[in-house]
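Presented below is the structure to which this report refers.
If you read the sequence from its start, that first residue is 1, and numbering goes on from there. Counting convention: from 1, in listed order, for ligands and their atoms alike.
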Amino acid sequence: MFELAFLGAFFFSTVRLTSSQESGYRHSAVLDANGKYRMKWKFDDRTVTFELEVETTGYVGFGLSSNGAMALSDIVIGGVFNGRPYLQDYFADPSRKVHRDSDQSYRLEYGRENITHTVLAFSRDLSTCDPNDKEISASTVRVIWAYHEEDVGPSGPMYHGVNRGRKSLRLLNPGSSATAPPGAAYFDLQNAHVPVPSRDTTYWCQIFKIPEVKKKHHIIRIEPLIQRGHENLVHHILLYQCNSSLGESDLRVGHECFHPNMPDSFTTCETVVFAWAIGGEGFSYPSHVGLSIGTSIDPVFVLMEVHYDNPTLQQGLLDSSGLRLFYTPKLRQYDAGVIETGVWVSLYHMLPPGMQDYLSEGHCTRECLKESLEEEMPSGIRVFAVLLHAHLAGRAIRTRHFRDYEEMKPLAYDNEFDFNFQEFLPLSEERLLLPGDNLITECRYNTKDRANMTWGGLEHQG
Ligand SMILES: *[C@@H]1O[C@H](CO)[C@@H](O)[C@H](O)[C@H]1NC(C)=O
Ligand SMILES: *[C@@H]1O[C@H](CO)[C@@H](O)[C@H](O)[C@H]1NC(C)=O
Ligand SMILES: *[C@@H]1O[C@H](CO)[C@@H](O)[C@H](O)[C@H]1NC(C)=O
C-alpha cells in the first residue's frame, strides 16, 4: 500500500502551448466489449455534449454514477420513435428504481436512427444545481450504459436485461486519444512466459536494454502490450531507469522484485520513467516533449516491473505482456523527466481499521524542492501530466501546491479514485514548479470494512 503522484515534467524555458484544433467531438470511447455502444463527447467551461451511437433501434440509456452502481445514479434515456427523437432525464433511487427527474437538465441536440443504429446527441451543464444530477468534474466518473430493442413506452423504459455495463472515464480530463503516427519506429519491452504464481499479488522484474540508436531520439508514445486474456491479470507496469554500467549478463534474468534473492542489479534502478495501470490506455507525450534516448546521460538499461493480480489464485499462468515504445529522430523542443511525491512505500505508513475517511499526507517540502531543482533547473520545471496512485483502500487523492506560503490550485485531484483505473493524466494547462515550492499529497482512505491495521508495503491491500 502506498501512494505516489508521479509527475511527468520537462525542463523549462519559454513554452508556447500548441493550440488544439477543436472541431466537433474531440473525445471518444467504446463502452461495451463488442463495440455496439460508442460515445463521443466535447466540453467547454460550462457544458458537456455527448453523442451516443448504439446498435439498437430501441431506447438507449446513459448514466453517471459515483461507484458504478445504478442506485443513486443520474440517468438519461432516449431514442427515436416513429422518426422522432426523444430524451428524458431520470434518476435512480437507493433501491435502483428509476424516476423521471422533475428538473430536466439534459437537452436533446439531435437524434436519428436507421435499420441497425440509433444516434443520439444531448448536452447539459457541468453543474446543474439539481441534487438528482451528478456534477461533472475532473474526477473519475463511472459512466453506466444500457440499451434495449424496444423504445420507451407510455409506462416508462423496460428493464434493459444484460445489455448494460459501466466504464470509468475522466470526462473533463480524458487524456489524449492520439495514436502513434503511422510508420513510427518502435521497440517492445516484453516479458517472455513469466510463470505467474497462484497468489494474490506478484511483482515481476526484468532488466531490458534500450536499443542502440547512435544519436539522440525522442520517445513520443508508450502503449501497453497486454497478452490477450490477461487484461485483468496485469495490474500495472512501471519502468525504471537503471545504472548504465550494467552489462549484458544482467539482461534476460527475470525475477520477483523486492525479494531477498533478486539480482543486485535491480537495486540500481530507482527512477520511474513511465507508469501504466489497468484501465489506462497508451500515453502520448505532448507534441513539444519527448523522452530522450541515445545520448550518454539517457537510460541504457531499464527495469520493467509488472504487478500481477491473481485473486482467484489461478495456476499455470504464463504471461508475455509488456510495453511498446514509439520513438523518432525528429527531436522535440523539450526532454521529459519524472518527479515523484507522496508517502514512500514502507511499513511506517499505516491505516487504522474501521475508518470512513482517513487522511494521510506526504510532504515534498520547500527545502526538498529547492535542493533538487536549484542547481540544474533554477528556472523550474513544467508539469504536463500526473499519475495519481494509491491502492485498494484509496478513495481520493489530491496534490496541493504552495508557493511562498500561498496555496495555488491543486496540481491534480481525484475525489472518486478508482483503483482499477490509473494512468497518466495530462494537465489541461502546464504547471510551473519552482525551487522552493512545496507539494502536499493527500490521500483519503476508507477502511470501514477492515478489522485490522493496514500496513504499508508492496502488496496492494492498502
Ligand atoms: C446506420 O447508422 C450507423 C451509425 O451511424 C452506420 O454506421 C451504419 O452504416 C448505418 N447503416 C446503414 C445501412 O446506413
Ligand atoms: C553505477 O555503477 C558504477 C559502477 O558500479 C558506479 O561507479 C556508479 O556510481 C553508479 N552510478 C550511479 C548513478 O549509481
Ligand atoms: C486480524 O488480527 C487478528 C489478531 O491478530 C487475527 O487473528 C486475524 O486473523 C486478523 N484478520 C485478518 C483478516 O487478517
Check: Going by the atom numbers of ligand 1, which of them fall below 4.0 Å from some non-hydrogen atom of T116?
Finding: 1 (C)
Note to self: I'd like to check atom 2 (O) of ligand 1 in this structure: does the protein have a heavy atom lying under 4.0 Å from it?
What the structure shows: yes
Check: Is R403 atom CZ crowded by more than 12 heavy atoms from other residues, nucleotides or ligands, each under 6.0 Å away?
Finding: yes
Checklist line | Electrostatic pair R124-D74, nearest N-O below 4.0 angstrom | finding: yes
Check: Take atom NZ in K370; do more than 12 heavy atoms of anything else shown fall under 6.0 Å from it?
Finding: no
Margin query: Less than 4.0 angstrom from a charged side-chain N to a carboxylate O is my criterion; do K209 and E248 meet it?
Written below: yes
Check: What atoms of ligand 2 come within less than 4.0 Å of a heavy atom belonging to S245?
Finding: 1 (C), 2 (O), 3 (C), 4 (C)
Checklist line | Distance-only donor-acceptor check, side chains S65 and K134, under 3.5 Å | finding: no
Check: Protein heavy atom under 4.0 angstrom of atom 11 (N) of ligand 2, is there one?
Finding: yes
Item checked: Enumerated ligand 1 atoms positioned under 4.0 Å from heavy atoms of E53 -> 4 (C), 5 (O)
Notebook entry, point to check: Does atom 7 (O) of ligand 2 have a protein non-hydrogen atom under 4.0 Å from it?
Noted result: no
Item checked: For N114, atoms of ligand 1 separated by under 4.0 Å from a heavy atom -> 1 (C), 2 (O), 3 (C), 8 (C), 10 (C), 11 (N), 12 (C), 14 (O)
Checklist line | Between D125 and T128: side-chain donor-acceptor atoms closer than 3.5 Å | finding: no
Next item on the list: Name the closest protein heavy atom to atom 14 (O) of ligand 2, giving the residue it belongs to and the distance to 0.1 Å.
Entry: N243 ND2, 3.4 Å
